[in-house]
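To keep things clear, I will list the structure first and then write my remarks on it.
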Amino acid sequence: MYVVIAGAGEVGYHVAKALRNEGHNIALIEPNKQVIENVQDLDALLVQGNGASLDYLEQAGIKNADLFIGASGHDEANMSACAIAKTFGASTIARINNPSYLDQTVSFKYRSAGIDVAVCPELVAAQKVANLLRAPALASAEIFAHGRVAVVESKLLPTSTAKGRSLAELKPPSGVNIVAILRGDEVLIPRGEDRLQTNDRLLMCVLTPQALQEAEATIGLRPGKQTGRMKRVVIAGGSRIGVRLARLLEHQIDVVIIEKQKELATAAFEQLENTLIITGDATDIGILKGESVETADAFVGADRVEEYNILACLIAKRLGVRHTIAFINQNPLKTLAEDIGVDLALTVRQATVSSLLRWCYRMDALDVALVAGGEAQVIEVEVKRESKLAGKALKKIDFPKSSLVGAVVRGDTTLLPRGDDTIEAGDRLVIFALTEAIPRLEKLLREPGK
Amino acid sequence: MRFHRVIRLIGTVFKVFALFLLIPFLGSLYWDEDVAPSAISKVLPFELKTTTASFLISAIFIFLLGLLLTSVVPEFSEDLRDREAYVAVALGWLFCAVLGALPFLLTGATRSLTVALFESMSGLTTTGYSALPTPLEQYPPSVHLWRGTLHFFGGMGIILVIYAIVGRLTEGGHKLMGSETGGEVSRVRSTLSKTSKSLFAVYVTLNFLLFLALWIAIRQSPLGVGWKASAYHAIVHAFAAVATGGFGTLTASVEGFQSPWVDGLTFLGMFLGGTSFVLMYQLVAGPARMALFHHPEFRFYVTLIALSSVAVGLTLVSVGGHWSYSFGKGAYMAMSALSTTGFTAMDPNRLPDAARIVLVLLMVTGGMVGSTVGAIKIARIQMLLQLTVQEIRHLLHPHAVTIVKMGGRLVPETTTRRVVVFFFTYTTVLIAGTFGFSFMGYHLGDSLVASAASLGGVGYGWGTGAGFAEPVNDLARLLGIALMWLGRLEIFTVLLLFVPATYKS
């Protein structure tokens, strides 16, 4: 596939990188010279210029493109660029965040205007946090198959008895399937003989919160948070994400937004129905105490400024809030923020890249999540009736080496597959795969049976 | 202040107003059977009935007056100033009421100036209080038609009718429209003239459909009238219901028909008359996403009708009324009060005190903004309720954003301030009116309803507040006229007339 991407910021870069790793040819258009400098390591055509300009699009080879992605931070630029790209016959995907354009995570309503798929990554991110708050035991989880399968990343405790033992000896409880070991920057697909080391993180497919707890206890993992029902959530920052999150939650639980700027606070007030909006600084202990933040079950730092989010979360934590979630901009800060006491640090960028990638695949992935810092993906697909996979035993299928079927959803049952299990038409597979395995996986899944 | 502009505008109003006199004029040709020939028939080659001659003369006189006013003043094209709009509208309504009184005097329906003026003002402001001596059955059909026509003309507002018919009046027409409706100008289509035409079309359609239904219902009612007579009863009641006026053709109002069908149809008419015409237009012609039951004001309106019907019904049950009678009549009286119509389906004197206080509150509340009702109107009451809730929130959370929201949109502070001030002024005038009537010897309850029903354009009451015919004196009628005029123009437009600064440049 030849893919033209407008915008080489964090989002454009990571989408390009993921697609390149899968073997596609990429052209990037980016107006900012400095940004171009930063992405020199990419094996791609780099064009400096306006991504919505016909001339630069032609320079980037839009005539031959199969796919165009408007991935810049400007909704209107992405939309008009898609409209132009469409005239050359490319499929188009636009990143659109302004809620007045789009109020769903994905929409096809702009198709007649040349935008095949309009994606709202901020809403995806907000929805993710809302899901986490509704199922707090599965913190930092990616949810698949309507909540029936969670993919959880969990760190081995220094005191763990599992250190130095092989996975074959571990025998994780039923309802848990270890799909990857993350060691530093490495991603290992577990073989029976792999031995666990200090600071390893495990990526697991989990079916129930109870199974996760059991696994945490027997393997010696840093325990996830356990609470009863969430009753009150405080959100620092009336940014678009904060408002969208509040909107998803406000009819089920009490939501408070604390926003510094009066205009943003007023705008948030207008968009929400059932949320208390406080004008004030969320890092001001007086304000936090005045609104009895300590009685909240969760605190979310959703401002645009990451240090503000982290600080606000730390203060809330100190005041006694059990769950703190901070939105950050730089992915590498995630571990730092989590080490100093924020329960969960999330990047919007990661959600953005995932949600754009999800629409790049033609194998009709139902859902895609980027995991392990973007090195790997978890994909949910449905096995078609005509697929050659249907009716075959798992061990007979020639899956790429760096991929693994984590869970199979069949009708009302969900199973964690062993090699002898067979795949049936209509099954939904949750597959873990390193990015380079994606093209082969895609080919395999699309191949028709005899 | 440029008076010539005001004069020119009023002249145009007169010309259109004259056209509406053709309705009773034509009606008198068809329906007036027992009316004596007019004195002027002697000098004419053909015979004219008194009523026919009266309406014809009035129409010609008013039209010529309008022509005179518009021809002596040169046409102007600059923008109208705010104060000119207010003065033109306030005086326009007053002079229309004065000229509308003419036919009552000429036809001999009354000889009293105040009775005629009261009847005319009550019709125009869609109040429905009558000052004509009872029984009402003694008047020829054309007089009733004129009373109904005044409702029809005043229901949507004079300025809107003129825009719908003439199309263009002056630059800055929004100011005129705003002076008539307390600042609310609906923009459902691209121009004021198109908006007016669309809303007026909804209004006329409702009137016509209700007329057809009532025509049949009244023909079948125990009143025992033929198709011909039933038609004029139906026209007057359709005009009165949709315009939420309240004039009827029978002394006992709607109760006189003794027909559940007539009750039901007029109830529906009042309900629709109290519904926003903008909303109804959008339901018919607008985007399909306009979900009726998500419209906050409409929901409130319907809920209020349901709750108050039950409340009034229960009070009637408590004094020994039969269940179905109590809730049927209770709902009717509540709907009539809330929609500021003034039809009655039972003798209001038989209402217990508990029902009366509920009904007075409904009279002060009124229906939806953008409908034909008077009084404070539901959207304003909703804003006041929200202000109260927000004030409590502010006490609990001093830093919280506390802004009034209607239908998901923020209401600017200038608007909420105007609503608070309006509420204060309205209440003050209401109490002043109550004082006035008490001063003339009314009981407190009667004074209160007379004041609330005049100011809100309702037109039914009890005791001495039941009507303004003899033995009520001229002074009380003048007070009633003043209250109706103030209430219909939402007080401030009239109040400005009496502020000297209005006339200084």
Side-chain angles (χ1 to χ4, degrees), chain A residues 99-100 102-104 107 109 232-239 242-244 246-247 250-251 254-296 302-303 312 315-316, chain B residues 183-184 186-187 279 282 286-304 368-369 378-420:
Chain A
S100 64
L102 203 58
D103 218 12
Q104 295 152 282
S107 165
K109 66 178 175 182
R232 188 157 184 264
V233 172
V234 177
I235 300 171
S239 61
V243 172
R244 299 197 116 135
R247 190 187 280 174
E250 66 178 351
H251 292 297
D254 285 346
V255 183
V256 182
I257 288 185
I258 303 177
E259 167 58 49
K260 275 181 289 193
Q261 291 179 43
K262 203 164 176 234
E263 297 75 39
L264 280 179
T266 310
F269 181 80
E270 181 164 22
Q271 291 169 58
L272 296 166
E273 287 169 17
N274 218 2
T275 300
L276 179 66
I277 318 277
I278 304 292
T279 315
D281 191 326
T283 58
D284 177 338
I285 297 193
I287 295 267
L288 292 180
K289 280 189 172 160
E291 291 307 325
S292 343
V293 163
E294 67 277 5
T295 64
D303 198 83
I315 297 171
Chain B
E184 300 289 335
S186 27
R187 297 169 192 256
L279 186 65
Q282 282 170 340
R289 65 192 143 92
M290 275 297 303
L292 197 54
F293 284 91
H294 288 289
H295 192 280
E297 197 187 3
F298 184 74
R299 275 167 68 159
F300 198 100
Y301 177 54
V302 173
T303 314
L304 202 57
M368 289 175 72
V369 167
I378 284 170
R380 293 207 183 94
I381 298 288
Q382 278 182 296
M383 284 187 211
L384 289 167
L385 286 173
Q386 267 211 41
L387 272 173
T388 313
V389 172
Q390 300 286 11
E391 191 55 34
I392 292 170
R393 263 160 81 111
H394 179 70
L395 292 175
L396 293 174
H397 307 277
H399 298 288
V401 180
T402 48
I403 306 173
V404 171
K405 242 162 77 170
M406 288 286 286
R409 302 212 161 231
L410 299 182
V411 178
E413 212 173 316
T414 47
T415 308
T416 50
R417 197 186 63 191
R418 209 162 55 203
V419 169
V420 172

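Only heavy atoms go into these numbers, but all of them, side chains included; no hydrogens, no water, no symmetry mates. Per chain, numbering begins at 1; letters A, B, ... match sequence-line order.
- For the options Ile278(A), Ile287(A), Val256(A), heavy-atom pairs under 4.5 Å to chain B are most numerous at Ile278(A).
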Can you pull out the donor-acceptor contacts between chain B and chain A, under 3.5 Å, including backbone atoms?
{"residue": "His397(B)", "atom": "ND1", "partner": "Glu291(A)", "partner atom": "OE1", "Å": "2.6"}
{"residue": "His397(B)", "atom": "ND1", "partner": "Glu291(A)", "partner atom": "OE2", "Å": "3.4"}
{"residue": "His399(B)", "atom": "O", "partner": "Thr279(A)", "partner atom": "N", "Å": "2.9"}
{"residue": "Val401(B)", "atom": "N", "partner": "Ile277(A)", "partner atom": "O", "Å": "2.6"}
{"residue": "Lys405(B)", "atom": "NZ", "partner": "Phe269(A)", "partner atom": "O", "Å": "2.6"}
{"residue": "Lys405(B)", "atom": "NZ", "partner": "Glu270(A)", "partner atom": "O", "Å": "3.2"}
{"residue": "Lys405(B)", "atom": "NZ", "partner": "Leu272(A)", "partner atom": "O", "Å": "2.2"}
{"residue": "Leu410(B)", "atom": "N", "partner": "Glu270(A)", "partner atom": "OE2", "Å": "3.4"}

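- Of all the heavy atoms in Phe269(A) and Val401(B), the pair that sits closest is CE1-O, 3.4 Å.
- Scored by the ring pair (Phe, Tyr, Trp, His ring centres under 6.0 Å) test, Tyr301(B) finds Phe271(B) as partners (sequence neighbours excluded).
- Looking at Leu272(A), the atoms closer than 4.5 Å to chain B (heavy atoms on both sides) all sit in the backbone: N, CA, C or O.
- Counting non-hydrogen atoms of other residues, nucleotides and ligands closer than 6.0 Å to CG of Leu385(B) gives a total above 12.
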